[in-house]
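Since the structure comes first, as structure tokens, the remarks are kept for the end.
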Amino acid sequence: MDAVQKANSGHPGMPMGMADAAYVLWTEFLKHNPKNPEWINRDRFILSAGHGSMLLYSLLHLTGYDLPLEELKNFRQWNSKTPGHPEYGITPGVETTTGPLGQGFANGVGMAIAETFLAKKFNNKDFTLIDHYVYAIVSDGDLMEGISQEAASLAGHLKLGKLVYLYDDNNITIDGSTDLSFTEDRLKRFEANGWHIQQIDGHDRNVIRDAIKAAKAITDKPSLISCKTKIGYGSPNKQGTEKSHGAPLGDEEIKLTKQSYKFPSLEPFFIPKEVTNHYRKALEEGAKQEQEWNYLFDSYQERDPEQIKSFNSFINESSIDWDEALSEFPADAKGMATRKASGEILKKLSSVIPNLFGGSADLSPSNNTQIDSHPYSPENRTGRYVHYGVREHAMISIMNGINLHKGLKPYGGTFLIFSDYCRPAIRLAALSKIPTIIVFTHDSVGLGEDGPTHQPVEQLASLRLIPNTYVLRPADANETAYCWKIAMNRTDGPSILALTRQNLPTLDRNEVASADGTELGAYILMDSLKSIPDAIIIGTGSEVAIALKARERLLEQDIDVRVVSMPCQEIFRRQSEEYKESVLPSHITARVSIEAGVTNGWQEWVGNQGRSIGIDHFGSSAPYQTLFEEFGITADRISEEVRESLGTIKAKY
């Protein structure tokens with residue numbers, strides 16, 4: 001209450017309503033060491049209802065994490081460790097960034113998947129290295145969001161028994177009573193999804209304790225405990241109403257509430273010494289639990305050093321021998337789709353990276369994401385491939401959770417058009433610097449006959465707008481290999497591979513530059529014969545081969561151009577000014593870009609005097625060759641635009 005009041009913004013109601021349940025969980029069940037928030041065998045606690053962040057910050061401070069009281073006094077202020085919603089990497093002990101409702105719910109499913117895999121892989125009858133739970137507090141809003149239904153359905157199917165969610169069932173939303181919009185039987189829904197369900201008085205600590213024990217006793221179902229609570233619990237005038245949800249209670253109401261609690265002081269931020277001492281027992285208990293685990297680890301290492309070496313490589317991301325892992329493809333005029341090249345690369349990567357963990361949203365044959373592994377399932381916890389079903393949004397969020405847990409390197413696939421379903425989870429991966437790898441195939445109107453509902457035109461530009469996100473669109477099989485290298489080596493944000501359905505020629509690297517230029521984001525694929533080119537053509541993905549054809553035609557007309565392949569704008573943007581100038585010299589203003597998508601964003605690279613060829617409208621249902629011809633994604637179109645930019649003719653487009 002005090003922190004929200006001092007900040008003059010925030011959400012006091014949910015923390016007050018769930019304080020009893022959180023107290024029981026954190027003091028009697030949660031296995032954690034405040035002095036080492038990264039201990040691999042800790043229980044994970046997620047505040048999916050991230051608006052109630054002061055509940056989490058209070059628990060972290062009280063139990064002894066590196067979160068001084070001054071940080072709570074600076075709630076929601078510049079440079080504090082207590083932002084308005086919990087953010088991974090900002091506050092010690094915060095497991096994942098939450099606030100957009102439903103994301104934490106799905107992240108927890110990913111963490112539970114990672115726990116089961118590592119437990120099955122490394123535990124044996126003598127040594128239990130991995131044995132922890134994933135707890136979360138979820139809200140009415142979480143359960144309303146579609147992502148939570150996607151994730152709950154999959155969690156029930158996968159029988160993730162170490163997933164225990166406390167549902168703040170307070171019947172209040174921002175608009176008022178849940179009767180306005182949310183009246184289905186939530187518990188029956190979860191029961192139908194294969195969850196163990198309970199409904200309890202969320203303010204009776206004895207009942208809360210028994211419910212958590214009962215949930216932990218069920219090993220083949222995730223658990224949802226509906227805690228019937230009163231939002232703003234204890235507030236004489238605002239308890240049980242939406243008035244306590246998203247605004248400070250006010251000094252007078254806080255005074256009355258503290259009196260109703262029989263709290264010993266009305267002073268803001270006052271913590272009785274006995275309360276601090278009580279909560280700080282977590283320091284001693286956590287250190288003891290981790291010390292016992294370290295002893296177990298050392299004994300295991302003595303008995304089986306190779307297995308522990310493998311465990312360490314899973315947890316600590318061992319380096320990859322890219323000379324061994326990187327596929328090379330011979331020149332081939334017919335070539336292959338980059339989605340197919342990606343599939344071949346993945347099979348090789350999976351043979352040298354044992355913790356590579358894949359999946360697809362029911363498009364495995366189309367995405368070419370399948371590796372040589374049994375599916376992950378309740379019967380086979382060491383399967384390295386998840387069939388996510390048609391749950392694109394949950395898939396990305398679950399992969400974020402797997403990444404945050406540590407131990408596995410997840411990737412997942414769907415069509416690029418369905419990135420629209422995934423965007424909130426991609427954004428949080430970027431915000432939280434989570435190295436999730438996403439394979440988006442069928443990357444343009446080049447997918448052909450499925451038509452405009454499935455043909456992405458604005459998606460590439462849209463994804464490039466998300467800060468800290470790599471959008472990688474390779475021009476051929478060898479660029480695809482280097483895109484995988486970039487994605488696998490990245491540690492500070494998500495990487496998106498945009499891959500074709502249609503075949504692309506595998507370029508002859510004896511005639512054009514090495515594909516290792518991919519790692520720089522953009523490179524001179526084929527230079528002009530003259531020391532200074534007349535013009536520059538910039539292409540990505542399937543349009544690079546078209547740009548090379550245009551270069552040949554222009555040479556026949558005594559126009560000498562440079563062709564630049566730009567598989568990743570974001571990486572190129574990070575290069576030195578000298579390198580960028582060497583690829584795109586500022587004095588060469590005759591530039592043409594070509595990409596089978598909207599032209600938004602290309603002005604950065606072609607300049608005010610340059611031209612961009614793209615598709616600033618929706619597609620159509622027809623063979624892709626027809627579409628490219630009709631929409632002007634052709635060598636003739638490039639040639640005309642180059643000549644027009646040089647002032648030699650007036651283009652007809």
Side-chain angles (χ1 to χ4, degrees), residues 50 83-90 96-104 106-107 110 145-147 361 367 391-404 410-444 456-474 483-484 486-499 518 521-522 540-541 566-575 593 595-605 612 614 616:
H85 293 79
E87 292 183 41
Y88 175 75
I90 300 292
T96 183
T97 300
T98 56
L101 292 171
Q103 293 295 328
N107 292 162
E145 291 285 359
I147 186 175
N367 298 148
R391 303 183 180 99
E392 298 90 352
H393 192 181
M395 176 179 70
I396 308 299
S397 190
I398 287 169
M399 288 197 294
N400 288 345
I402 294 171
N403 258 314
L404 289 167
Y411 69 88
T414 185
F415 290 168
L416 178 58
I417 193 70
F418 301 138
S419 63
D420 293 339
Y421 290 149
C422 311
R423 190 179 182 87
I426 298 171
R427 185 179 189 273
L428 284 182
L431 175 65
S432 304
K433 300 182 179 180
I434 304 171
T436 294
I437 300 173
I438 308 159
V439 179
F440 284 140
T441 67
H442 296 58
D443 70 342
S444 75
V457 290
E458 75 275 23
Q459 279 69 25
L460 287 170
S462 174
L463 292 167
R464 287 176 181 139
L465 290 174
I466 303 175
N468 195 39
T469 302
Y470 285 177
V471 179
L472 302 147
R473 190 169 187 246
C483 285
W484 267 106
I486 291 166
M488 291 296 298
N489 282 339
R490 192 170 190 211
T491 60
D492 62 351
S495 298
I496 291 168
L497 282 79
L499 307 174
T518 302
T540 77
M566 187 177 279
C568 186
Q569 295 183 6
E570 298 77 25
I571 294 176
F572 183 61
R573 196 177 287 119
R574 294 184 178 189
Q575 302 308 314
S593 69
E595 184 172 69
V598 295
T599 56
N600 298 64
W602 276 103
Q603 188 179 28
E604 177 180 359
W605 310 113
S612 294
D616 291 311

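Numbering starts at 1 and runs along the sequence shown.
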Between I147 and S397, is the side chain to side chain contact (heavy atoms under 4.5 Å, CB included) condition met? List the steps. CA-CA 9 Å; I147 186 175; S397 190; 3.7 Å; yes
According to side chain to side chain donor-acceptor pair (under 3.5 Å), who are the partners of S462, at least two apart in sequence or on a separate chain? R423
Heavy-atom closest pair, residues [X] and [Y]:
| X | Y | result |
| --- | --- | --- |
| C568 | L472 | CB-CD2, 3.6 Å |
| G50 | P86 | O-CD, 3.2 Å |
| L460 | D443 | CD1-O, 4.4 Å |
| Q459 | S419 | CG-OG, 3.4 Å |

Is any side-chain heavy atom of [X] closer than 4.5 Å to a side-chain heavy atom of [Y]?
| X | Y | result |
| --- | --- | --- |
| F415 | T441 | yes |
| Y88 | T98 | no |
| R573 | W605 | yes |
| K433 | N468 | yes |

Using modelled atom types only, decide if a donor and an acceptor are shared between the side chain of D616 and the backbone of T599 within a distance under 3.5 Å. yes
Using a cut-off of 6.0 Å, state whether more than 12 heavy atoms not belonging to F418 lie near its atom CZ. yes
R427 CZ: over 12 foreign heavy atoms closer than 6.0 Å: no
In this structure, OH of Y470 is separated from CD1 of I571 (nearest 0.5 Å) by 5.0 Å
Over 60° means perpendicular and under 30° means parallel, so tell me whether Y411 and W484 are parallel, tilted or perpendicular. perpendicular
Check this for me, if you would: do R490 and E570 make a salt bridge, where the nitrogen-to-carboxylate-oxygen distance has to be below 4.0 angstrom? no
